[in-house]
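Side chains included, hydrogens not; waters and symmetry mates left out as well; all remaining heavy atoms used.
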Amino acid sequence: MTARSDRRYSTNNNPQQLLGSWFKKNNKYVLPPIVAIAFFAIVWQILCPPGSKGLPGPMQVIADTWDPYIINPFFDNGGTDKGLALQVFASLQRVAIGFSLSAIVGIALGIVIGVNDFVFRAVDPLFQVLRTIPPLAWLPISLAAFQQSNPSAIFVIFITAIWPILINTTVGVQNIPQDYRNVARVLRLKTHKYFLKIVLPASVPYIFTGLKIGIGLSWLAIVAAEMLVGGVGIGFFIWDAYNNSLLSQIIIALIYVGVVGLLLDRLVSFIGSIIVPQEHK
């Protein structure tokens, strides 16, 4: 390889040039959110100037929370005195357990209900009633049943996320094209093969719609539940900051909540884009 080609190879792999090239290709997606966030921050700062009473401006929030919540989100002083990254991680652990259980139960029940008209007619009224109950209304029941805060919070996540997963899975199974069913009859597929080869693949787009809704509701529910059950978690952190009139800490925690919620939504969407067949995208 010549010196000239070496220089070209080195230049093309320069991190700054790679970043610039990526930005040029994606600026129509990156630039609008940056402009919107900057505009929002400017308006917020104008409405809440330094020294004003009430809601702090963005500059004041940064000054109040810079050390340790921004520069050291992983600090751990024991008990509930932890950085925001550790608070979020504790909440995500609960969400992971509750959401996983709701996905397993919701998909399994949705398939069973979707393939059997009698079962659907029997349980649909009950499910329509249960799904309208606000998530936090289940908390006293779960506390009475489990006698501990952590399982109670996980149950609230489970009961919140299961309905969109179950309902979307049921609808997906019921909407399987009749041609698919006819092929299964012609081939005389056994029950387990019918589920694996026909039912599950055809209902996958609906299932991921339910999962996407469910993960968002799970994150909403855990923040609210932790405000009441206490312990380490982003919800309790927000409630504790409110009780101590630390508005800047509440705002920075809400930013964490929003960013994590966006990442969870994008994660499920990304997995769905890989698994869902091309014709359904």
Side-chain angles (χ1 to χ4, degrees), residues 55-56 61-62 64-106 130-131 133-165 211-268:
L55 190 69
V61 170
I62 294 174
D64 291 343
T65 61
W66 180 257
D67 188 8
Y69 294 106
I70 294 179
I71 62 171
N72 187 18
F74 294 94
F75 77 86
D76 187 354
N77 294 329
T80 59
D81 188 11
K82 302 179 186 296
L84 285 175
L86 297 181
Q87 302 280 2
V88 167
F89 181 71
S91 299
L92 284 175
Q93 287 180 304
R94 299 186 181 102
V95 168
I97 298 172
F99 178 73
S100 297
L101 291 174
S102 67
I104 295 170
V105 176
L130 293 177
R131 75 181 184 87
I133 299 175
L136 290 186
W138 292 100
L139 190 57
I141 300 296
S142 62
L143 285 171
F146 296 106
Q147 301 292 320
Q148 293 181 6
S149 61
N150 199 52
S152 301
I154 292 173
F155 175 79
V156 170
I157 298 168
F158 169 82
I159 204 68
T160 302
I162 192 173
W163 304 120
I165 299 173
L211 291 174
K212 188 173 181 180
I213 298 172
I215 193 66
L217 293 177
S218 296
W219 189 236
L220 293 175
I222 189 58
V223 172
E226 286 176 344
M227 289 183 177
L228 299 180
V229 300
V232 178
I234 193 66
F236 176 74
F237 178 89
I238 293 172
W239 187 247
D240 186 59
Y242 168 76
N243 288 331
N244 291 282
S245 301
L246 301 172
L247 293 181
S248 293
Q249 291 186 16
I250 296 175
I251 292 172
I252 199 69
L254 292 178
I255 293 174
Y256 269 76
V257 169
V259 171
V260 172
L262 175 64
L263 293 176
L264 290 175
D265 179 83
R266 292 294 184 266
L267 176 62
V268 175

Student: Between atom OG of S218 and atom CD1 of I159, what is the distance when rounded to the nearest 0.5 Å?
Tutor: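 So the OG of S218 and the CD1 of I159 are separated by 11.5 Å.
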
Student: Take I162 and L101 through the side chain to side chain contact (heavy atoms under 4.5 Å, CB included) test and state the conclusion after the steps.
Tutor: CA-CA 8 Å; I162 192 173; L101 291 174; over 6 Å; no

Student: Donor-acceptor pair, E226 side chain versus I234 backbone, under 3.5 Å?
Tutor: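 Yes; at least one donor-acceptor contact below 3.5 Å.
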
Student: Just verifying a value: how many Å separate L246 CG and Y69 OH, rounded to the nearest 0.5 Å?
Tutor: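 It comes to 7.5 Å.
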
Student: How close do Q249 and I252 get, counting heavy atoms only, and between which atoms?
Tutor: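 Shortest heavy-atom contact: O-CG2, 3.2 Å.
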
Student: A side-chain contact here means heavy atoms from C-beta on lying under 4.5 Å apart; do F75 and D81 qualify?
Tutor: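 Answer yes - side chains close enough.
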
Student: So which atom in S149 and which in L143 form the shortest heavy-atom distance, rounded to 0.1 Å?
Tutor: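 Residues S149 and L143, closest heavy atoms: CA-CD2, 4.2 Å.
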
Student: Give the minimum heavy-atom separation between F99 and A161, together with the two atoms involved.
Tutor: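 Reported closest heavy-atom pair: CD1-CB, 4.2 Å.
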
Student: How long is the span from the CG atom in L220 to the CD1 atom in I157, to the nearest 0.5 Å?
Tutor: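 Here the interatomic distance stands at 11.0 Å.
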
Student: Using 0.5 Å steps for rounding, measure from the CZ atom of F146 to the CD1 atom of I154.
Tutor: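 So the CZ of F146 and the CD1 of I154 are separated by 9.0 Å.
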
Student: Tell me the closest heavy-atom pair linking V88 and Y256, and the distance in Å.
Tutor: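 Heavy-atom minimum between the residues: CG2-CD2, 4.0 Å.
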
Student: Specify the closest pair of heavy atoms between A103 and L211, including all atoms of both residues, with the distance to one decimal.
Tutor: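 A103 and L211 have their closest heavy atoms at CB-CD2, 3.8 Å.
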
Student: Decide if the gap between the ring center of W239 and the ring center of F236 is smaller than 6.0 angstrom.
Tutor: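 Judged by ring-centre distance (under 6.0 Å), W239 and F236 do not meet the cut-off.
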
Student: Are F237 and V232 side-chain neighbours, meaning at least one heavy-atom pair lies under 4.5 Å?
Tutor: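 No, every pair of side-chain atoms sits at 4.5 Å or beyond.
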
Student: So how far is it from L217 CG to I165 CD1, rounded to the nearest 0.5 Å?
Tutor: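 Reported value, rounded in 0.5 Å steps: 9.0 Å.
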
Student: L139 versus S142: any side-chain heavy-atom pair under 4.5 Å?
Tutor: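 Answer yes - side chains close enough.
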
Student: Between CG of N150 and CZ of R94, what distance do you get to the nearest 0.5 Å?
Tutor: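 Atom-to-atom, N150:CG and R94:CZ are 4.5 Å apart.
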
Student: Kindly assign one of parallel, tilted or perpendicular to the pair F155 and W138, based on the angle between their ring planes and the thresholds 30° and 60°.
Tutor: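 Answer is perpendicular, since the angle exceeds 60°.
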
Student: On a heavy-atom basis, which atom in K82 and which in D76 lie closest, and how many Å separate them?
Tutor: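 That would be NZ-OD1, 2.8 Å.
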
Student: Taking C-beta and beyond as the side chain, do L247 and D64 meet within less than 4.5 Å on heavy atoms?
Tutor: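 Side-chain contact under 4.5 Å: no.
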
Student: Would you say I141 has more than 12 foreign heavy atoms packed within less than 6.0 Å of its CD1?
Tutor: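 No, CD1 of I141 has 12 or fewer neighbouring heavy atoms, counting only those of other groups under 6.0 Å.
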
Student: With side chain to side chain contact (heavy atoms under 4.5 Å, CB included) as the test, would you mind laying out the steps for I238 and V257 before giving the verdict?
Tutor: CA-CA 10 Å; I238 293 172; V257 169; 4.2 Å; yes

